[in-house]
Amino acid sequence: MNGRFDPRLADRRWQDRWADERCFEADSTSEKPKTFVLEMFPYPSGRIHVGHVRNYTMGDVIARFRRMQGHEVLHPMGWDAFGMPAENAAMERKVHPGAWTRANIGTMRDQLKRIGFSFDWSRELATCDPAYYGHEQALFVDLFNAGLVYRKESEVNWDPVDMTVLANEQVIDGKGWRSGAPVERRKLNQWFLKITEFADDLLDGLETLDRWPEKVRLMQENWIGKSKGLNFRFALTKPAGGISDVEVFTTRPDTIFGASFVAIAPGHPLALLAAENDPSAASFLEECKAGGTSAAEIETAGKKGHLTGFSVRHPLDPDLQLPIFIANFVLSDYGTGAIFGVPGHDQRDFEFANQYQLPIMRVVAESLEFASEPIGVEAEPAPGIMVNSQFLNGMTSEVASAEILRRAEQAGWGLGSTIYRLRDWGVSRQRYWGTPIPIIHCEKCGAVPVPLDQLPVILPEDVSFDVPGNPLDRHPTWKNVDCPTCGGQAARETDTLDTFVDSSWYFIRFASQPSDRPFDRVEAESWLPVTQYIGGVEHAILHLLYARFWTRALKHMGQIGLTEPFAGLFAQGMVTHETYRAGDGSWLSPGEVRKDGDDWVHIESGHPVAPGRIEKMSKSRRNTIAPEPILEKYGADALRWFMLSDSPAERDLEWSEAGIEGASRFVQRVWRLANSIGSSSGTDAALDRRLNRAVAAVGEAIEGLQFNKAIAQLYELVTAIEKAPASQSRDVAIRALILLVAPMAPHLAEECWDFIGEQGMVVDAAWPSFDPALLIDDQVTLAIQVNGKLRDTLSAPRGLDQAAAEALALSSEKVQRQLSGAAPRKVIVVRDRLVNIVA
RNA sequence: GCCCCUGUGGCGGAAUGGUAGACGCGCUCGACUCAAAAUCGAGUUCUGCAAGGAGUGUCGGUUCGAGUCCGACCAGGGGCACCA
């Protein structure tokens with residue numbers, strides 16, 4: 001016996017060996033089957049906490065498992081290094097965002113290395129490095145030249161005190177989170193990427209992603225929001241000037257005879273026309289503008305309209321005139337920015353009609369008999385049988401819709417159309433710490449992309465944050481440049497790119513990183529798509545959709561032969577921990593509080609502490625757990641083991657000290673087994689079968705990312721080996737056990753492997769194989785039921801036939817007692833599983 | 001409002017329509033020890049001395065047999081949200 005396994009020595013020892021021998025550097029030219037395992041790269045916010053550890057441990061298990069199975073594995077790590085927290089830190093602590101970010105990266109890299117992840121550090125990248133974002137700028141210029149980039153006026157949340165644009169989540173109760181000043185809506189010229197051009201393709205592609213969670217595909221589907229319907233025109237009868245008709249979109253053409261008004265968005269051309277001639281219309285538009293954009297404000301605002309005095313003619317009933325309202329609930333950027341209102345069959349229209357005393361007609365009913373039934377207290381949106389609708393009467397909603405569509409297209413007043421909820425991707429950020437948008441604005445030539453040979457446009461580091469606003473705006477030598485086209489005076493675009501752009505192609509850069517271009521097509525295609533992508537479900541929509549779009553855009557431009565970037569996706573659960581708040585409302589970290597009976601107190605002051613909700617570990621809630629003390633006390637393997645055990649990987653895991661104790665105990669049990677290996681002879685058939693089953697089950701569980709099940713299997717195997725007497729089988733089982741635990745507990749495995757005298761390292765060893773024939777036992781336990789209730793279990797040889805099984809079951813005393821003399825009416829035998837006697 | 005997911009011991013969770021509670025945590029008792037730590041053994045859904053009975057959110061249904069399938073409901077969670 002060699003005492004206890006000491007992770008403080010072993011962790012470091014093997015981490016150094018792996019690094020020295022460059023075990024994890026991926027070879028793009030390898031002939032082996034390739035696997036690309038990727039965990040969503042972190043934002044370098046400060047320090048790694050155990051929430052990160054869970055994410056990377058899962059990826060590491062897959063990577064190490066595939067490597068042992070003979071794959072060439074690419075498992076890289078990098079930093080999503082641009083973003084607002086760095087600017088906030090700069091303002092709060094007077095450090096440069098770059099210095100702050102790079103210091104964090106240094107800290108976090110060291111932390112990750114101590115946990116023994118099999119990352120290929122030679123491919124490490126940080127998005128704030130010009131060697132990365134310069135290539136991103138080149139890709140942006142390519143997109144620009146391909147017509148996938150455009151500029152458009154768009155509204156933003158503007159903080160008038162900080163003179164900065166705020167993201168929606170920075171607006172709290174209509175006020176800036178930092179300044180507290182009421183937020184204004186301001187129109188700015190901003191850059192957009194034409195993601196909507198790929199809406200249909202992004203939607204269709206979801207069906208090919210059979211290794212994505214159903215949930216994520218559904219969320220993306222809803223986000224894209226495809227609606228099929230009819231686009232048609234109402235002829236304007238009471239108007240003036242220029243505009244001759246109003247175009248609307250509907251998904252319910254069947255209800256066309258139920259229309260009692262037309263409503264247009266405040267931004268609609270006709271609304272602007274009305275405002276020109278009518279001061280009350282103009283003030284209504286002002287009123288609409290004042291309202292906030294948040295969901296809560298929309299909720300309370302209610303439905304408001306303004307009667308324009310304009311009206312339109314119903315396309316199928318020349319005598320019917322419908323009034324036009326400007327309405328605050330009509331969106332100018334969805335559909336045509338105009339609708340026809342059918343109060344009887346749309347709840348929103350119903351409320352609006354009630355408010356403005358508009359007719360509410362029934363055009364859909366359960367059957368023709370209910371044609372004159374009035375609409376009750378709410379609208380009836382369900383499809384049904386058409387009534388009060390002239391030639392549509394008696395048709396189902398579906399048939400009626402098709403009929404209207406046919407007539408509209410034939411007569412030329414409408415056209416079937418499909419619209420999407422998805423909007424183009426606004427990528428302009430009025431921020432300093434991001435990728436400069438490689439555009440130069442020239443009075444003569446307009447917006448000109450920076451020529452490729454002048455890239456990268458390097459973000460200047462000599463800036464200060466003493467004054468509010470974007471420092472790029474007041475950096476004269478950087479901002480003022482000559483126009484690349486005409487040579488005249490021009491100015492750089494001072495907006496930077498949304499950080500989601502940075503993460504939309506980093507996986508390609510990981511696969512291939514030439515210095516003179518974003519990636520080498522052949523090399524990138526040799527690794528992509530990512531075999532297994534792992535990350536939080538919070539990125540289910542935006543990041544994953546943008547990355548899918550970016551990949552399609554590259555394909556569209558002929559740069560890569562790849563449609564979907566991530567073949568397999570796994571959305572892992574969060575690591576959670578209770579939160580604590582001091583009396584003044586500030587958050588306290590778990591290390592600052594102590595449990596005193598049923599209450600919590602602040603250790604330093606002794607003041608009571610209010611325990612809050614169990615939440616995702618985050619810096620802002622201060623409920624993070626640092627890995628260092630755990631590594632010090634239990635070692636990397638116990639930490640990794642615990643992160644994988646107990647909870648299924650897709651579910652949240654609540655952090656507990658107790659759990660890690662159990663993990664540590666397991667590590668020591670394996671070490672003791674390795675120490676007990678001898679050179680015994682003799683076979684142990686039961687143990688052989690047990691091992692075979694474990695090899696099969698652990699492999700299958702890892703493959704299915706069911707780490708908790710793999711771990712349960714390993715516990716059972718360890719118990720079985722511990723109980724088995726010395727034999728050659730036992731030594732074989734111990735050797736295999738070391739390999740089986742290696743993906744989860746790699747340091748322990750190496751140490752054991754070395755101890756039992758094996759040559760080479762476990763990282764280079766082959767995953768154990770199993771004999772399918774040994775998975776089957778020759779003795780089985782039959783469940784004996786009477787009327788479906790378990791009454792007895794009997795051991796029997798495998799393969800017992802129907803009659804023999806029945807006879808065996810009937811011989812059971814317990815069965816006989818249940819039957820109390822009666823003859824069974826029916827007997828169901830499931831071979832090698834159970835006998836059910838129906839009395 | 002619309003869409004989706006989940007409800008199993010004290011806790012985390014297992015269970016191709018076929019022995020519910022694997023495995024872990026916690027707890028109880030015991031062994032070893034002067035003692036402790038570590039380790040090992042036994043037990044641990046509820047009820048009952050036992051035989052037995054009950055039991056997977058609730059109520060129904062399908063089936064020889066339901067945690068698993070179907071319907072309705074309740075509870076919790078997530079996504080979208082004035083989307084025509």
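Here is how names work: the chains are called A, B, and so on, in the same order as the sequence lines, proteins then strands, and each is numbered from 1.
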Tell me the interatomic distance from [X], atom [atom1], to [N], atom [atom2], rounded to whole angstroms.
| X | N | atom1 | atom2 | value |
| --- | --- | --- | --- | --- |
| A/F642 | B/rG26 | CZ | C1' | 13 Å |
| A/D652 | B/rC11 | CG | P | 18 Å |
| A/E351 | B/rA84 | CD | P | 16 Å |
| A/E221 | B/rC2 | CD | C1' | 14 Å |
| A/R252 | B/rA84 | CZ | P | 11 Å |
| A/R690 | B/rA22 | CZ | C1' | 10 Å |
| A/L653 | B/rG77 | CG | P | 19 Å |
| A/L544 | B/rG79 | CG | P | 15 Å |

For the backbone of A/K304 and the side chain of A/N328, can you confirm whether one donor and one acceptor N or O come within less than 3.5 Å of each other? yes
Return the nearest nucleotide to the side chain of [X]; candidates are [options].
| X | options | answer |
| --- | --- | --- |
| A/D646 | B/rA84, B/rG24, B/rG78 | B/rG24 |
| A/I541 | B/rA51, B/rG79, B/rU19 | B/rG79 |
| A/V830 | B/rA81, B/rC4, B/rG18 | B/rG18 |

Cut-off 3.5 Å, side chains only: do [X] and [Y] have a donor facing an acceptor?
| X | Y | answer |
| --- | --- | --- |
| A/R669 | A/T719 | yes |
| A/R548 | A/Q220 | yes |
| A/D424 | A/T196 | yes |
| A/T576 | A/E654 | no |

Does the gap between the ring centers of [X] and [Y] come in under 6.0 Å?
| X | Y | answer |
| --- | --- | --- |
| A/F232 | A/F249 | no |
| A/Y715 | A/F666 | yes |
| A/W641 | A/F707 | no |
| A/F261 | A/Y356 | no |

Taking only the side-chain nitrogens and oxygens of [X], find out if one of them lies under 4.0 Å from OP1 or OP2 of [N].
| X | N | value |
| --- | --- | --- |
| A/S647 | B/rG13 | yes |
| A/R348 | B/rA84 | no |
| A/R421 | B/rA81 | yes |

Which parts of residues 790-800 of chain A get close to RNA chain B, meaning a heavy atom less than 4.0 angstrom away? A/L790, A/R791, A/T793
Residues in residues 703-720 of chain A with a heavy atom under 4.0 Å of RNA chain B, by number, are A/N708, A/K709, A/A712, A/Y715, A/E716
Assigned chi class of B/rG9 under the 90° convention is syn
With 3.5 Å as the limit, what N/O pairs link the protein to nucleotides 63-66 of chain B?
unit_1	atom_1	unit_2	atom_2	d
B/rC64	O2'	A/N836	ND2	3.3
B/rC64	O2	A/N836	ND2	2.5

Under 4.0 Å between any heavy atoms, over every strand shown, what does [X] touch: base, sugar-phosphate, or nothing? Just pick one.
| X | value |
| --- | --- |
| A/V537 | nothing |
| A/G659 | nothing |
| A/R825 | nothing |
| A/S227 | sugar-phosphate |

What dot-bracket string describes RNA chain B from 5' to 3', counting Watson-Crick and G-U wobble pairs whose defining distances are under 3.5 Å, with [ ] for crossing pairs and | for pairs to another strand? (((((((..(((.....[....)))((((((.......))))))(((....)))..(((((..]....))))))))))))....
What's the gap between [N] and [M] when it is taken at their [atom1] atoms, as a whole Å value?
| N | M | atom1 | result |
| --- | --- | --- | --- |
| B/rG12 | B/rG60 | C1' | 32 Å |
| B/rG67 | B/rU16 | C1' | 14 Å |
| B/rA54 | B/rG79 | P | 43 Å |
| B/rU6 | B/rA15 | P | 14 Å |
| B/rU68 | B/rU63 | P | 16 Å |
| B/rG78 | B/rG43 | C1' | 40 Å |

Any salt bridge (Lys or Arg N to Asp or Glu O under 4.0 Å) involving residues 327-345 of chain A? Give me the pairs, sequence neighbours left out, ordered by first then second residue. A/D333-A/R423
So which pairs with a foot in residues 800-827 of chain A pass salt bridge (Lys or Arg N to Asp or Glu O under 4.0 Å), sequence neighbours left out? none
Table of protein N/O atoms under 3.5 Å from nucleotides 36-43 of chain B N/O atoms:
unit_1	atom_1	unit_2	atom_2	d
B/rU39	O3'	A/R672	NH2	3.4

Listed partners of [X] passing salt bridge (charged side-chain N to carboxylate O under 4.0 Å, His left out), at least two apart:
| X | answer |
| --- | --- |
| A/E703 | A/R66 |
| A/R730 | none |
| A/R690 | A/E716 |

Base B/rC83 to side chain A/R423, donor-acceptor N/O within 3.5 Å cut-off: yes
Would you say the side chain of A/I195 lies within less than 4.5 Å of the side chain of A/Y546, judging by non-hydrogen atoms? yes
Answer whether the closest heavy-atom distance between the side chains of A/H543 and A/M40 falls below 4.5 Å. yes
Pair listing, side chain to side chain donor-acceptor pair (under 3.5 Å) test, anchored in residues 336-350 of chain A, at least two apart: A/Q347-A/E351
More 5' along RNA chain B: A/K814 or A/T251, using each one's nearest nucleotide? A/K814
For residues 210-217 of chain A, dump all side-chain donor-acceptor pairs below 3.5 Å to protein atoms at least two apart in sequence or in another chain.
unit_1	atom_1	unit_2	atom_2	d
A/R211	NH1	A/T531	O	3.3
A/R211	NH1	A/Q532	OE1	3.4
A/R211	NH2	A/T531	O	2.7
A/W212	NE1	A/F566	O	2.7
A/E214	OE1	A/R217	NH2	2.5
A/R217	NH1	A/L209	O	2.8

